[in-house]
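Report on the following structure.
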Number of protein chains: 2
Amino acid sequence: MDEVDSAIVRHLQEDARQSNREIAEKIGIAPSTCLERTRLLRQRGVIRGYHAEVDLAALNRHVQALVSVQVRPLNRSVIDSFHQWVRHLPEVLTVFGTAGNDDFLVHVAVRDIDHLHAFLVDKLSDRRDIVSFRSSIIYRRDTNNVLDPL
Amino acid sequence: MDEVDSAIVRHLQEDARQSNREIAEKIGIAPSTCLERTRLLRQRGVIRGYHAEVDLAALNRHVQALVSVQVRPLNRSVIDSFHQWVRHLPEVLTVFGTAGNDDFLVHVAVRDIDHLHAFLVDKLSDRRDIVSFRSSIIYRRDTNNVLDPL
DNA sequence: ATTGAAATCCACTTGTA
DNA sequence: TACAAGTGGATTTCAAT
């Protein structure tokens, strides 16, 4: 991870579909060098993938919420099974397994308030290992798509 | 947003760097059609961008936390200024503006526990509009990179 | 709006230092 | 490890439907 690698990573975070030549020119290296570096970054797992960012409203997901969840008993089997279950629900964007008062924080995006309610009472409430949950509507969200090394 | 558009969006969420021909073939349309559809999706804002996903550990960010923040007084000026300030800090991945007990939830990724502490006491504590904050370490995080319309 | 073909551009491989 | 040149393949444009 030298300066060249960092620059490649930065440019690919900004726009993953720009051409290899373009990135090479911006950095000031040969296109073949840039391509090889990029391949290694991908292979080493520094770059985990390339994804289109989609407008949630265009996917009929006008309401977002953060749902904090407590599960019991607190053992690996319960924690892992809840985590795997919740992360594959179609409403779920991100699952955080956390320390502190809550065991999980789940970021969901649904069609409207009614569907949020349905998600909570029909899906979450059905699980016996969930002790309690509390949800907060999200008014606004901003994500830093390009992160530099610290 | 018909079936073809949805398919394009799905494939680009899965791998934003696969070729246009590849996507066209998987869907069963002409490459030129696929290209035009993709351009329109981008132009209409359905697709907001293409970003490389990077391993946080490779960026020297081994510790993640969720920081819930209360600000006062609760007016637009205070809320907006905090939101804009915090979202541009290098440690911050995502800012959620929420309803409920907490006004903001901030997802941060830092080098280690010491840097988390430094972030909290040196940066957050400096702001007069912050009434209180509470942070939870993140043990695990899973993100759904491909979302279907509801 | 979709397509097929032409032209331009790019990725990938090979060879060399 | 980096670069330069060559080839196969992709993107892009455009005329026609």
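By convention in this document, chain letters (A, B, ...) are assigned in the order of the sequence lines, proteins followed by strands, and residues within each chain are numbered from 1.
- Residue A:E36 is the one, among A:E36 and A:R21, whose nearest nucleotide of DNA chain D lies closer to the 5' end (criterion: closest heavy atom).
- The separation between A:E22 atom CD and D:dT12 atom C1' is 15 Å, rounded to whole Å.
- No more than 12 heavy atoms of other residues, nucleotides or ligands lie within 6.0 Å of CZ in B:R39, so this atom counts as exposed by the packing criterion.
- The CG-P distance, from A:L40 to C:dC12, rounds to 13 Å in whole Å.
- Within a heavy-atom distance below 4.0 Å of DNA chain C, no residue of residues 2-14 of chain A is found.
- Partners of A:A118 under the side chain to side chain contact (heavy atoms under 4.5 Å, CB included) rule, at least two apart in sequence or in another chain, are A:D122.
- Judged by distance alone, the side chain of A:Q70 and the main-chain N or O of A:N101 form a donor-acceptor pair under 3.5 Å.
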Steps toward side chain to side chain contact (heavy atoms under 4.5 Å, CB included) verdict (A:L74, A:I79): CA-CA 7 Å; A:L74 265 188; A:I79 290 173; 3.8 Å; yes

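- Comparing the axis of the opening five pairs of the helix from C:dA1-D:dT17 to C:dA17-D:dT1 with that of the closing five pairs yields an angle of 30°, rounded to 10°.
- Listed by first and then second residue, the ring-ring contact (aromatic ring centres under 6.0 Å, His included) pairs that reach into residues 107-138 of chain A are A:H107-B:F96, sequence neighbours excluded.
- Proximity of B:L147 to A:V54: side-chain heavy atoms (C-beta onward) are nowhere separated by under 4.5 Å.
- No donor-acceptor distance shorter than 3.5 angstrom exists from the side chain of B:R21 to the backbone of B:A30, with no hydrogens or angles considered.
- Of the possible polar contacts, one joining the A:H51 side chain to the B:Q13 backbone as a donor-acceptor pair under 3.5 Å is found.
- Straight-line distance from the CD1 atom of B:I29 to the P atom of C:dT3: 7 Å, rounded to whole Å.
- Rounded to whole angstrom, the span from the CZ atom of A:R37 across to the P atom of C:dA11 amounts to 18 Å.
- In this structure, the CD atom of A:E25 is 13 Å from the P atom of C:dC9, given to the nearest Å.
- Taking a 6.0 Å sphere around CD of B:E25, one finds it holds 12 or fewer heavy atoms contributed by other residues, nucleotides or ligands.
- In this entry the distance linking CG of B:L35 with P of D:dT11 reads 8 Å, nearest Å.
- OP1 and OP2 of D:dA10 both lie 4.0 Å or more from every side-chain N or O belonging to B:S19.
- Every pair passing salt bridge (charged side-chain N to carboxylate O under 4.0 Å, His left out) that includes a residue from residues 64-77 of chain B is listed here, sequence neighbours excluded: B:R72-B:D103, B:R76-B:D80.
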Under 3.5 Å, which N/O atoms of the protein pair with N/O atoms of nucleotides 14-16 of chain C?
none

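- Considering only the side chain of B:N20, D:dT11 comes nearest among C:dT2, D:dT11, D:dA4.
- Each of A:R39 and B:G28 lies near DNA chain C, and the nucleotide nearest B:G28 is the one positioned closer to the 5' end.
- Going from atom CZ of B:R17 over to atom P of D:dA10 covers 15 Å, rounded to whole Å.
- Contact of the A:L150 side chain with the B:L59 side chain is not registered, since no non-hydrogen atoms from C-beta on lie closer than 4.5 Å.
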